[in-house]
Number of protein chains: 2
Amino acid sequence: MRVGIEDVAQLAQVSTATVSRALRGLPRVSPATRARVLSVAQELGYVPSRSASGLASGRTETVGLLVPSVDRWYFGHAIEGVDQVLRDSGYNLLLFSLGGTSAYGRQRSFSETMVRKQIDALLVLTLELSPEEVLQLHHTGIPVLSVGGPVAGCPGVFIDDSAAAQAATEHLIALGHRNIGYLRGGPQDEQDFEVPNLRTAGFETAMSRAGLQLRPEWMVPGNYTVSGGVRAAAQIFDLAGENPTAIFCGSDEMALGVMFEAQRRGIRIPAELSLIGIDDHDFSAPAGLTTMAQNPWDQGRVAATMVLAELGGVAGSVQEKIMPFALLERNSTAPPQR
Amino acid sequence: MRVGIEDVAQLAQVSTATVSRALRGLPRVSPATRARVLSVAQELGYVPSRSASGLASGRTETVGLLVPSVDRWYFGHAIEGVDQVLRDSGYNLLLFSLGGTSAYGRQRSFSETMVRKQIDALLVLTLELSPEEVLQLHHTGIPVLSVGGPVAGCPGVFIDDSAAAQAATEHLIALGHRNIGYLRGGPQDEQDFEVPNLRTAGFETAMSRAGLQLRPEWMVPGNYTVSGGVRAAAQIFDLAGENPTAIFCGSDEMALGVMFEAQRRGIRIPAELSLIGIDDHDFSAPAGLTTMAQNPWDQGRVAATMVLAELGGVAGSVQEKIMPFALLERNSTAPPQR
DNA sequence: CTGTTAGCGCATTCAG
DNA sequence: CTGAATGCGCTAACAG
């Protein structure tokens, strides 16, 4: 019942070599032969064995995707984008999740051996790899590309996080806010990945350019999660003394958390508090959250496309690419009440 | 530079067969030999080629996971659970996303050939497969198990969706509500998958048992998404005549959408409107949403564990399993205002 | 407990 | 344009 290339060859009355060429669209097969082989293969329901072709050709037609976790907005969408272009090209997607529960933190460690000899290229999502890990990876000789953030030693596809954060903060400043809070990542995020720090830098740049003071008590960690945002908001709201009139959140999820907590306390948005995030999370439009939008789906697509081009023989296809971000004004920002 | 089993064998002064046995933990290898082989393999950085071992053994040590999309709460968490147990057992996870944008809808079609000869088992997430597709799958001879909902013709791991919906509705009724609305899936969801219909059935059962009338104008589609929930809520709120005092939402995402819209209109929850969902989405606790909780992460783990046991030789390991759900009372439900 | 011998199913030379 | 032969790197009998 198991149909192999041999069966197709026999029925089509050609050699297995010809079947192989015909099926893969290689040249040097007459149109007539190709058609015959194709129809026979179809009829028999022949599917080449990946193991066998992989062993024989040295190519697995599989791309690995290393992610901190899959159950978060950015990752889910980026994975979806990658999957889409891979699938359309007949490539397989081997998923490696480190099962992190925090935004960027990883629970399990990544070993180069997980990946060795079974993929043609590796995409790394938003993960800080240590120099040794990158070295190991390069050692395998396969193309490595990061998505969503920079990884030292290999090109990446991502937005200019610092610029995005700066622009978001400047939106608040342009609205007239001077007392601006900032929700950053947790210690874990900041250690494991560079993006949080870039966003912090962008915030600080905007503030200092506007001649505004940084208020340490208004710069609190939120772990990039909704519940972290809730906690951070509570912490700021509970502060004695004046409250910020606006908060820039390093992610929409945190901003949404702040919204929930504000509502709970009867703090009106944007009348009493302006809020801006980064991402354009699925929930942001329904919630009316102003944000600096980015598109992980697109970033995944772009990265996967580059990798496929590289594997397709176009050397130099894999290169750094800065993706766009854009301000989406909704209903969570307004000039400060006076 | 490429180190194969032969290299290890030479350096360890044994045959390749012994290396293979030692590395895979098979019996019939003396402890001393095994230790030596292991250390040599380690030293050389040897990793067996998946292609080669797959070809030779007929097993790929890879499990396929077919999902409607990855960028939604249920799927993301279930995938995470599956990945975790697979990875812990040294298995690979091959991801096939159909790229659906709606909750259950699929954008692309699934072909059995995508999966043939490259996986040892297939997990199907919350997707309605046609009888022919199931047949094709069974034809491949690999174990197939569904997660998150029933698929005719193969066992599954999921909650009793009808009972969960009924229990959620009964919570509202027990609180004293009699005017109860219901947010269901969109036409696409209901066609592509059975879960939405099961939840609807549970709602209707609870209502009829309590002797309550179904109000068609209060039973509106929400596509299982936040934005769908916003639209559905608007539709209900805009109705002339009395409003429901409570709404049961077929998913937390829709319930969250209703919350956003209610807040926009100044409708207080739970004072003026009680809300209950199903899922326990990550946002539900921060939002204070009462829900009938389920745990997709766990469901994924259980399913993957069964499949591994089956592949490990324990025939009959893959079987239907009903998972628990539980009411989580938070702050979105209360007795009706009178 | 260990080595020898055959393939696994296909892609690739190299002839023709 | 096509076929025959070779081997990818490993596992699985089978001997010993």
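Throughout, protein chains are lettered first and strands after them, A, B, ... in sequence-line order, and every chain is numbered starting at 1.
With hydrogens and angles ignored, the 3.5 Å screen pairs a side-chain donor or acceptor of E320(B) with a backbone N or O of G156(B).
Using modelled atom types and a 3.5 Å distance limit, the side chains of T62(B) and Q118(B) yield no donor-acceptor pair. In the model, S20(B) has a side-chain atom that pairs as donor or acceptor with a side-chain atom of R24(B) under 3.5 Å.
With contacts defined as side-chain heavy-atom distances shorter than 4.5 Å, the pair L122(A)/L137(A) qualifies. Within the 4.5 Å cutoff, side-chain heavy atoms of Y46(B) are placed close to those of L23(B). Side-chain contact between E80(A) and S97(B) is present, with heavy atoms from C-beta onward closer than 4.5 Å. No side-chain heavy atom of V134(B) sits under 4.5 Å from any side-chain heavy atom of V144(B). For the pair I79(A)/I79(B), no side-chain contact is recorded, criterion being any heavy-atom separation below 4.5 Å from C-beta on.
The footprint of chain B on DNA chain C, defined by a heavy-atom cutoff below 4.0 Å, extends from dC1(C) to dC10(C).
Rotation axes derived from the C1' atoms of the five outermost pairs at either end of the helix from dC1(C)-dG16(D) to dG16(C)-dC1(D) lie 30° apart, to the nearest 10°.
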Going 5' to 3' along nucleotides 1-9 of chain D, which nucleotides have protein heavy atoms under 4.0 Å from the base (write B), which only from the sugar-phosphate (write S), and which from neither (write -)? SBBB--BBB
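Here the rule is ring pair (Phe, Tyr, Trp, His ring centres under 6.0 Å) with H77(B), and of Y74(B), F75(B), W73(B) only W73(B) fits it.
The two residues V85(A) and A304(A) have their closest heavy-atom pair at CG2-CB, 3.3 Å.
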